[in-house]
Amino acid sequence: TSSAHQTQPPASLQAPSDRATRPSIVGEDSGPTPPFPIYLAGTVQRGFGRGGKDLGCPTANLPSKLLQPAVDEHKGSGSAAEQPSLSPIDTRVHPMVMSLGWNPFYANKTKTAEVHIMHPFKRDFYGLQIQVIVLGYIRPEYNYVDVEALKNDIETDKQVANRSLERATYSSFASDSF
Ligand code: ADP
Ligand code: MG
């Protein structure tokens, strides 16, 4: 039900108490609970080209028109020869963290869905098809006093995601037919 036209909510500044009380794992041990799992597919878009890589956290930006079955996105897209190729290891299923929101620290005017894949890619993959399964919710979007505070929070997000996804009830989605 998310829409690119939703209005931007105010984001609170992250307080030290927010950081101290962050859980180290999220979601039920028994597996994702509604609205999860959420299946998303689309081609990787160019964003503002700032933020992601400076933060040590590049994010593959998804199209604002989400929730399209992967098969629809393939139709009418360019020939395979136009697509840059990635290695078979790169195109496996990898754990990810997704940001859905307005990136208040960067004062964006539009809502974006951006995926950081926890795998070292040797090259960019703009324009390639990406499929994502969202399995849980980590935290609300905050603003930050400085870039270091933002980077610290993103590092914690990655640890929380990895720890949460290690559970068999979540890692099993790596072999989902999607
Ligand atoms: P943009 O604003 O264009 O999204 P980023 O700094 O967020 O710029 O970089 C995003 C791009 O980096 C992705 O579109 C992708 O091609 C590339 N990339 C390289 N490694 C990763 C990764 N581990 N996760 C996500 N994107 C990656
Ligand atoms: Mg990005």
Side-chain angles (χ1 to χ4, degrees), residues 2-6 8 11 14 26 36-68 70 73-74 77-144 146-166 170-171 173-174 176 178:
S2 74
S3 153
H5 307 294
Q6 271 174 255
Q8 181 174 2
Q14 199 210 35
V26 294
F36 308 108
I38 298 171
Y39 294 79
L40 304 173
T43 48
V44 176
Q45 312 285 306
R46 275 190 191 275
F48 295 105
R50 52 133 170 85
K53 284 173 185 162
D54 312 333
L55 296 169
C57 189
T59 57
N61 293 32
L62 300 179
S64 49
K65 194 181 96 186
L66 295 173
L67 299 160
Q68 287 281 344
E73 293 288 334
H74 279 302
S77 67
S79 70
E82 290 169 24
Q83 306 242 315
S85 58
L86 289 176
S87 74
I89 294 168
D90 289 343
T91 58
R92 273 184 206 160
V93 179
H94 300 286
M96 64 89 182
V97 280
M98 183 172 96
S99 158
L100 177 64
W102 282 265
N103 297 330
F105 187 74
Y106 291 100
N108 287 1
K109 293 286 174 279
T110 54
K111 190 180 188 182
T112 58
E114 310 176 23
V115 175
H116 174 70
I117 302 162
M118 292 184 276
H119 171 76
F121 291 88
K122 290 189 188 65
R123 40 154 301 154
D124 288 348
F125 44 90
Y126 289 109
L128 286 191
Q129 168 77 16
I130 186 171
Q131 279 117 274
V132 169
I133 309 180
V134 188
L135 296 178
Y137 176 82
I138 298 182
R139 64 169 174 88
E141 189 162 52
Y142 292 112
N143 207 337
Y144 296 89
D146 55 26
V147 75
E148 284 311 310
L150 171 58
K151 279 176 140 176
N152 283 336
D153 229 19
I154 291 172
E155 260 328 295
T156 305
D157 294 333
K158 293 179 191 175
Q159 289 169 19
V160 171
N162 272 320
R163 223 171 290 144
S164 301
L165 294 171
E166 274 166 10
Y170 292 79
S171 63
F173 282 88
D176 189 286
F178 181 67

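Both ligands and their constituent atoms are indexed starting at 1 by order of listing.
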Considering non-hydrogen atoms of the protein only, which is the closest contact for [atom], and what is the distance?
atom                    : result
atom 17 (C) of ligand 1 : Asp124 OD1, 3.3 Å
atom 24 (N) of ligand 1 : Ile117 N, 3.1 Å
atom 6 (O) of ligand 1  : Lys53 N, 3.0 Å
atom 21 (C) of ligand 1 : Pro58 CG, 3.5 Å
atom 4 (O) of ligand 1  : Asn61 OD1, 2.9 Å

Under 3.5 Å between some N or O of ligand 1 and some N or O of Gly47?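 Checking ligand 1 against Gly47, an N or O pair does fall under 3.5 Å apart.
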State whether the shortest distance between N or O atoms of Gly49 and N or O atoms of ligand 1 falls below 3.5 angstrom.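 Such a contact does occur with ligand 1.
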Ion pair present between Glu155 and Lys158, side-chain N to carboxylate O less than 4.0 angstrom?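 A salt bridge is present here (some side-chain N lies under 4.0 Å from a carboxylate O).
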Would you mind telling me if ligand 1 is within reach of the side chain of [X], the backbone, both or neither, using heavy atoms under 4.0 Å?
X      : result
His119 : backbone
Phe125 : both
Thr59  : both

Within a distance under 4.0 Å of any heavy atom of [X], pick out the atoms of ligand 1 and give their elements.
X     : value
Ala60 : 13 (C), 14 (O), 25 (C), 26 (N)
Val44 : 14 (O)
Gly52 : 6 (O), 7 (O)

Matching residue for Leu62 among Thr112, Leu100, Val44, Val115 - test: side chain to side chain contact (heavy atoms under 4.5 Å, CB included):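 It is Val115; the other options fail the test.
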Does any part of the side chain of [Y], heavy atoms only, come nearer than 4.5 Å to the side chain of [X], both counted from C-beta?
X      : Y      : value
Gln14  : Asn143 : no
Thr43  : Tyr126 : no
His116 : Pro58  : yes
Glu114 : Asn103 : yes
Leu135 : Phe173 : yes
Val160 : Arg139 : no
Asn61  : Thr59  : yes

Are any N, O or S atoms from Asn61 nearer to the Mg ion (ligand 2) than 2.8 Å?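 Under 2.8 Å: Asn61 contacts the Mg ion (ligand 2) through an N, O or S atom.
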Within the side chain of Glu166, is there an N or O that forms a donor-acceptor pair under 3.5 Å with the backbone of Ser171?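 No; judged by distance alone, with no hydrogens or angles, the pair does not exist.
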Using heavy-atom distances, let me know which of Tyr126, Tyr106, Phe48 sits nearest atom 3 (O) of ligand 1.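 Result: the heavy atom closest to atom 3 (O) of ligand 1 is in Tyr126.
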Measuring from non-hydrogen atoms of Val115 to any atom of ligand 1, is the shortest distance under 4.0 Å?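 It does; at least one heavy atom falls under 4.0 Å.
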